[in-house]
Amino acid sequence: MDKLLIQGGHRLSGEITISGAKNAALPILCAGLLSSDPLHLNNVPNLHDVTTMLKLLAQMGLKAQQDGHTVILQGDAIHNWEAPYEMVKTMRASILVLGPLLARFGEAKVSLPGGCAIGSRPVDQHIKGLQAMGAEITIEAGYIHAKAKKLKGARVVTDMITVTGTENLLMAATLAEGETILENAAREPEVTDLANLLVAMGAKIEGIGTDRLVIQGVASLHGATHSVIPDRIETGTFLCAVAAAGGDVVLKNTRIHTLDVALDKLREAGVILTSEDDSIRVQMAARPKAVSFRTTEYPGFPTDMQAQFMAMNLIADGTSHVTETIFENRFMHVQEMNRLGAAIDTQGNTAIIKGVDKLVGAPVMATDLRASASLVIAGLVAQGETLIERIYHLDRGYDRMEHKLSAVGAKIERIK
Ligand SMILES: CC(=O)N[C@H]1[C@@H](OP(=O)(O)OP(=O)(O)OC[C@H]2O[C@@H](n3ccc(=O)[nH]c3=O)[C@H](O)[C@@H]2O)O[C@H](CO)[C@@H](O)[C@@H]1O
Ligand SMILES: C=C(OP(=O)(O)O)C(=O)O
């Protein structure tokens, strides 16, 4: 199993190009199931979740040609409507095939994703929404089996804001009969990116970017060309790396307005940020100041940035309080960080981080995707060597992270 070896204590300087967003690319690839025409997708990141998704879609008969960051999909020969456990267990986003398959073919069988490291993560809201649209759903032997001759438009109010839930229902509604209203919809930029693609495919959607999406179903969708938005979480991860390790780096091909709250927190920490068109320069010459925050849905502070900001807070001046409100078990990096000499105490869903003068490298274990990224940041700061095990979590969601960091002066290498 691959590991990352980091020699900490080096400032970062240079340029990093941000990849396309994992969490936009995954639903967008599933949208390929909605049409028999070709879908030309650009800026698709090269990461394991994308490979897994393409494998899953290929098994269903969706044709895919991948050339660098371009993927051309064609859904004119789909013959299998099942997402097996073997694939769903490695990538929860597989649930995103449910809505499109059901809407276009009237049937889908998708393994229940089950719990994962960061929380139990049920999909009851996806099911509730599809049932409201007339689907008959049974859950048996670990599979969601959904059938509907033709989905019918409905008003769906989800109990909570759910990102993939909104995306699944949105895709289903594009081919349903009549009008669907999704209240309490997620407003994450990745949902907006998917909605924009769907519109390019001929879907009729109003309220894009708001918490009320109104969809008029159409008989069929056609092909389109679309470029996946830059990854705001990858951008934020590198911003935190520079904030913690110090340096002067320009991040290119990004969209800073998707990171407003996180940028405010970095400024509060003393980071100098200057933006221009689609790039942002991050400069940090001093010890960061501790910053407190609580995670919430977009446009609030993203849960997917919680661990990386915590890594910066470890060596900050002062004490910070970090409250996680989205997932019930997203503090697994805390124990590993404490092994590096951090001083973190957790009380329920709040972590209290007392900034320390230094961290000291040690072997640590990655437990989930963003926890892995936070350990990389901590390793860049720690004195001596940090060895990070189980980086398959990191590879799920980052496109060549160690190459990008090496290019700006980090001493980081992959050990096979
Ligand atoms: C592939 C993808 O886009 N993943 C993102 C997506 O995950 P994902 O879409 O799985 O997360 P949700 O927005 O659905 O989850 C939000 C909260 O709602 C709960 N919930 C959700 C659905 C449901 O049917 N029932 C239910 O109880 C979840 O357990 C969680 O506590 O949004 C999360 C929150 O921004 C991010 O951390 C993930 O990176
Ligand atoms: C939690 C994440 O992803 P997923 O929903 O795919 O597990 C993430 O991207 O941080």
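Read the numbers this way: they start at 1 and go in the same order the structure lists the ligands and their atoms. Worth knowing before you read on, the calculation uses all heavy atoms, side chains too, and leaves out hydrogens, waters and symmetry mates. Because the structure is a prediction, the values reported are computed rather than measured.
- Regarding atom 5 (C) of ligand 1, its nearest protein heavy-atom neighbour is Asn23 ND2, 3.6 Å.
- Residue, atom and distance of the protein heavy atom nearest to atom 7 (O) of ligand 2 are Arg121 NH1, 3.0 Å.
- Within the 4.0 Å heavy-atom cutoff, Glu190 does not count among the residues contacting ligand 1.
- No part of Met305 comes within 4.0 Å of ligand 2, judged by heavy-atom distances.
- Counting heavy atoms from C-beta outward, Asn80 and Phe105 have side chains that stay 4.5 Å or more apart.
- At under 3.5 Å, a nitrogen or oxygen of Asp124, whether backbone or side chain, sits near a nitrogen or oxygen of ligand 1.
- The proximity of Ile161 to ligand 1, defined as any non-hydrogen pair under 4.0 Å, is limited to the backbone.
- When every heavy atom of Ala132 is checked against every heavy atom of Ala154, the shortest pair comes out as O-CB, 3.3 Å.
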- [ ] Begin from the C-alpha positions of Ser372 and Tyr398 and carry the test side-chain hydrogen bond (donor to acceptor under 3.5 Å, both in side chains) through to its verdict.
- [x] CA-CA 10 Å; Ser372 316; Tyr398 286 92; over 6 Å; no
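- Protein heavy atom at the shortest distance from atom 9 (O) of ligand 1 is Thr164 OG1, 2.6 Å.
- Nearest non-hydrogen protein atom to atom 34 (C) of ligand 1 is Thr303 CG2, 3.9 Å.
- In summary, the atoms of ligand 2 found under 4.0 Å from a heavy atom of Ile118, numbered by their order in the structure, are 1 (C).
- With respect to the salt-bridge test (charged N to carboxylate O, under 4.0 angstrom), the residues Glu297 and Arg187 do not qualify.
- From Leu375, atom CG reaches atom CG of Leu340 across 7.0 Å, with rounding to the nearest 0.5 Å.
- Using a 4.0 Å cut-off between charged side-chain N and carboxylate O, Lys63 and Asp76 make a salt bridge.
- Counting heavy atoms under 4.0 Å from ligand 1, residue Arg370 does not touch it at all.
- Numbered from 1 in the order shown, with element, the atoms of ligand 1 that lie under 4.0 Å from a heavy atom of His126 read 24 (O).
- If you check the side chains of His333 and Gln306, you find a donor sitting under 3.5 Å from an acceptor.
- Among all non-hydrogen protein atoms, the one lying nearest atom 31 (O) of ligand 1 is Ile326 O, 2.6 Å.
- Looking at Arg92, Arg396, Glu234, Arg330, it is Arg330 that brings a heavy atom closest to atom 1 (C) of ligand 2.
- Neither the backbone nor the side chain of Leu26 has a heavy atom within less than 4.0 Å of ligand 2.
- At least one heavy atom of Arg330 sits less than 4.0 Å from an atom of ligand 1.
- Short contacts between ligand 2 and Arg370, defined as distances under 4.0 Å to a heavy atom of the residue, involve ligand atoms 8 (C), 9 (O), 10 (O).
- In terms of protein heavy-atom proximity, atom 22 (C) of ligand 1 is nearest to Pro122 O, 3.3 Å.
- Between Arg232 and Glu190 there is a salt bridge, since at least one side-chain N of the basic residue sits less than 4.0 Å from a carboxylate O of the acidic one.
- Nearest-heavy-atom check against atom 7 (O) of ligand 1 across Arg121, Gln306, Gln125 picks out Arg121.
- With a 4.0 Å cut-off on non-hydrogen atoms, Met160 touches ligand 1 through its side chain and not its backbone.
- Using a 4.0 Å cut-off between heavy atoms, Asp304 contacts ligand 1 through its side chain alone, with no backbone atom that close.
- Within ligand 2, the atoms closer than 4.0 Å to a non-hydrogen atom of Asn23 are 9 (O), numbered from 1 in the order shown.
- With a 4.5 Å cut-off on side-chain heavy atoms, Ile18 and Phe238 count as touching.
- Here the protein heavy atom with the shortest distance to atom 13 (O) of ligand 1 is Val163 N, 2.8 Å.
- In the vicinity of Val123, heavy-atom distances shorter than 4.0 Å reach the ligand 1 atoms 23 (C), 24 (O).
- Contacts of Phe327 with ligand 1, taken as heavy-atom pairs under 4.0 Å, involve the side chain alone.
- Using cut-offs of 30° and 60° for the angle between ring planes, the Phe309 and Phe301 rings count as perpendicular.
- A salt bridge links Asp304 with Arg330: at least one charged nitrogen is closer than 4.0 Å to a carboxylate oxygen.
- Residue-level proximity to ligand 1 for Thr162 is carried by backbone and side chain together, each with a heavy atom below 4.0 angstrom.
- Across every non-hydrogen atom of Asn338 and Ala343, the tightest pair is OD1-N, 3.8 Å.
- When only interatomic distances are considered, the shortest N/O to N/O separation between Lys22 and ligand 2 falls below 3.5 Å.
- The salt bridge (charged side-chain N to carboxylate O under 4.0 Å, His left out) test with Glu234 singles out one residue from Lys404, Arg370, Lys252, Lys22, and that residue is Lys404.
- In terms of heavy atoms, Leu56 sits closest to Glu82 at CD1-O, 4.5 Å.
- Screening residues 32-79 for ring-ring contact (aromatic ring centres under 6.0 Å, His included), with sequence neighbours left out, gives no hits.
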